[in-house]
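Here is the structure we will look at, set down as structure tokens.
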Amino acid sequence: MGHTFLLMPELPEVETVRRSLARHVEGRTVTEVEVGDPYVLRGQAVEVFREGLTGQTLRSTCRHGKLLFFPLEDKTLIVHLGMTGQLTIRLPHRHDTPFAVHKKTGLQRTLQHAPDKHTHISLYLDNGAALHYRDIRKFGRFFHLPIVTEDKVISHFNLGVDPLTEAFTTDYLKRGLAHRKVALKAALLDQKFIAGLGNIYVDEALFQAGLRPGRGAYRLTLPKCELLREAIVQVLEKGIEAGGTTLRDFVSGEGQAGYNQEGLLVYGRYGKPCPRCGSVLKRGVYGGRTTSWCSRCQQ
DNA sequence: ACCTCGACCTGGGCGC
DNA sequence: TGCGCCCAGGTCGAGG
């Protein structure tokens with residue numbers, strides 16, 4: 001008790017989880033399914049979920065935007081981590097380590113922990129490992145759908161392009177922004193347009209591109225769209241390389257903390273000096289989310 | 001079709 | 001130690 005694990009799952013965090021789980025789950029067969037709190041299933045029948053997954057083999061691990069999914073034999077297991085969802089593997093030969101201190105950040109992390117009252121779903125695998133889903137706020141959700149292609153998963157959830165694919169071109173960005181009267185930041189948070197950006201990486205990308213979050217999305221010129229596209233790709237790739245952003249106790253599927261938080265330039269830093277020009281970072285709300293930006297560096 | 005805003009949850013942090 | 005309030009990485013649906 002007393003320790004919490006908060007995940008900030010935007011694209012880089014979800015990709016970090018996917019990569020760290022891959023070697024533990026790919027090719028494994030589900031032997032048993034436990035559902036603690038069916039809320040996470042959002043109305044799907046518990047028995048249908050359990051029986052649908054038991055005996056199925058996890059063929060691979062996939063991600064599109066913030067959506068994580070696992071193709072099975074004749075269906076797909078799909079996970080959205082919401083705000084505080086964690087998907088971690090618990091290996092039989094390892095000791096649980098509720099607390100450890102991250103070398104660089106000093107943040108607490110866990111390498112592996114036993115299920116607790118926030119663990120809502122557990123999949124037991126044929127190698128003795130268990131895949132636990134833990135989610136304090138329960139904004140996350142699990143699905144299993146009788147579809148097998150990645151395209152169909154993406155269209156089922158109405159997701160836009162993943163910004164780390166070739167479909168994310170300057171043209172796509174320009175055309176998608178052209179008709180939107182909302183703030184640029186709000187447009188970038190729309191998962192039907194670009195799948196994977198969230199509050200942290202949007203603020204970081206806008207700062208890097210030198211663009212004001214509150215300006216009308218439709219006003220972006222093609223050259224600015226190119227700058228923005230590059231900035232988005234760069235901040236996301238950097239986030240993945242850093243193993244995600246750990247503000248509190250984010251852990252990968254293997255219990256590793258990320259360290260991208262050390263490189264955040266504006267997110268959550270309103271009221272503090274701009275790392276580039278020193279003027280005080282502004283605070284505002286766009287797309288319903290708290291936003292930080294530099295009014296001198298971002299025009 | 002587009003947009004805004006509250007609802008959905010639990011817990012941390014802060015002021016008193 | 002406790003209470004009340006505000007805040008938090010994300011959607012989703014009702015209503016304008």
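Scope of the values below: all heavy atoms of this structure, side chains included, with no hydrogens, waters or symmetry mates. Letters A, B, ... mirror the listed sequences (proteins, then strands); counts begin at 1.
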- For C/dG2, the Watson-Crick or wobble partner whose two distances fall under 3.5 Å: B/dC16
- For nucleotides B/dC3 and C/dG9, find the distance between their C1' atoms and express it as a whole number of Å. 23 Å
- Query: Does a nitrogen or oxygen in the side chain of A/Arg141 sit under 4.0 Å from OP1 or OP2 of C/dC12?
  - Reply: yes
- Task: Could you please name the option among B/dC2, B/dT10, C/dG9 that lies closest to any side-chain atom of A/Ile136?
- Result: B/dT10
- A/Arg134 atom CZ is separated from B/dT10 atom C1', nearest whole Å, by 11 Å
- Task: Provide, to the nearest angstrom, the distance between the CG atom belonging to A/Leu68 and the P atom belonging to C/dG10.
- Result: 16 Å
- Flag for A/Asp126-A/Thr31: side-chain donor and acceptor within less than 3.5 Å: no
- Rounding to a whole Å, what distance do you find between A/Met83:CE and B/dC8:P? 15 Å
- Can the ring centres of A/Phe143 and A/Phe157 be said to be less than 6.0 Å apart? yes
- Task: Report which part of the nucleic acid A/Gly288 touches: base, sugar-phosphate, or nothing (heavy-atom distance under 4.0 Å, all strands).
- Result: nothing
- Taking the six-membered ring for Trp, does A/Phe139 stack with C/dT11 (centroid gap under 5.5 Å, planes within less than 30°)? no
- Item | Whole angstrom value for the distance that separates P of C/dT11 from CZ of A/Arg289 | 8 Å
- Rounded to whole angstrom units, what separation is found between the NE2 atom of A/His179 and the C1' atom of B/dC2? 10 Å
- To the nearest angstrom, how far is A/Leu87 atom CG from C/dG9 atom P? 22 Å
- Query: Are any of A/Arg137's side-chain N or O atoms less than 4.0 Å away from OP1 or OP2 of C/dA8?
  - Reply: no
- Message: Is there a side-chain contact between A/Lys117 and the phosphate of B/dG11, meaning an N or O under 4.0 Å from OP1 or OP2?
- Response: yes
- Could you tell me whether the phosphate oxygens of C/dG10, OP1 or OP2, come under 4.0 Å of any side-chain nitrogen or oxygen in A/Gln191? no
- Query: Do any side-chain nitrogens or oxygens of A/Tyr267 fall under 4.0 Å of OP1 or OP2 in C/dG9?
  - Reply: yes
- Message: Less than 4.0 angstrom from a charged side-chain N to a carboxylate O is my criterion; do A/Asp203 and A/Arg289 meet it?
- Response: no
- Message: So, does A/Lys138 get its side chain near the phosphate of B/dC8, meaning an N or O under 4.0 Å from OP1 or OP2?
- Response: no
- Message: Regarding A/Glu226 and A/Arg229, does a basic nitrogen lie under 4.0 Å from an acidic carboxylate oxygen?
- Response: yes
- Query: NA contact type, A/Phe157, heavy-atom cut-off 4.0 Å: base, sugar-phosphate, or nothing?
  - Reply: nothing
- Query: Closer than 4.0 Å, any side-chain N/O of A/Lys66 to the OP1 or OP2 of C/dT11?
  - Reply: yes
- Query: Which one is paired to C/dG13, where only Watson-Crick or G-U wobble pairs with both distances under 3.5 angstrom count?
  - Reply: B/dC5
- Would you tell me if any nitrogen or oxygen in the side chain of A/Thr290 comes within less than 4.0 Å of OP1 or OP2 on C/dA8? yes
- Check ion pair A/Glu254-A/Arg23 (N to O, under 4.0 angstrom): yes
- Task: Dump the intermediate steps for ring-ring contact (aromatic ring centres under 6.0 Å, His included) on A/Phe139 and A/Tyr39, then the final yes or no.
- Result: CA-CA 9 Å; A/Phe139 288 169; A/Tyr39 182 85; 8.7 Å; no
- Is any side-chain N or O of A/His80 closer than 4.0 Å to OP1 or OP2 of C/dT11? yes
- Message: It should be established whether A/Arg180 places a side-chain nitrogen or oxygen under 4.0 Å from OP1 or OP2 of nucleotide B/dC2.
- Response: no
- Query: Side chains of A/Val153 and A/Ile78: does their closest heavy-atom pair fall under 4.5 Å?
  - Reply: yes
- Starting at atom CG of A/Leu197, determine the distance to atom P of C/dT11, rounded to an integer number of angstrom. 10 Å
- Task: For B/dA7 and C/dC5, measure between their P atoms and round to the nearest Å.
- Result: 16 Å
- Query: Within the structure, does a side-chain N or O atom of A/His118 lie under 4.0 Å from either OP1 or OP2 of B/dC9?
  - Reply: no
- Query: To the nearest Å, how far apart are A/Ile200 CD1 and C/dG10 P?
  - Reply: 7 Å
- Can you tell which of C/dC7, B/dC8, C/dG9 lies closest to the side chain of A/Arg283? C/dC7
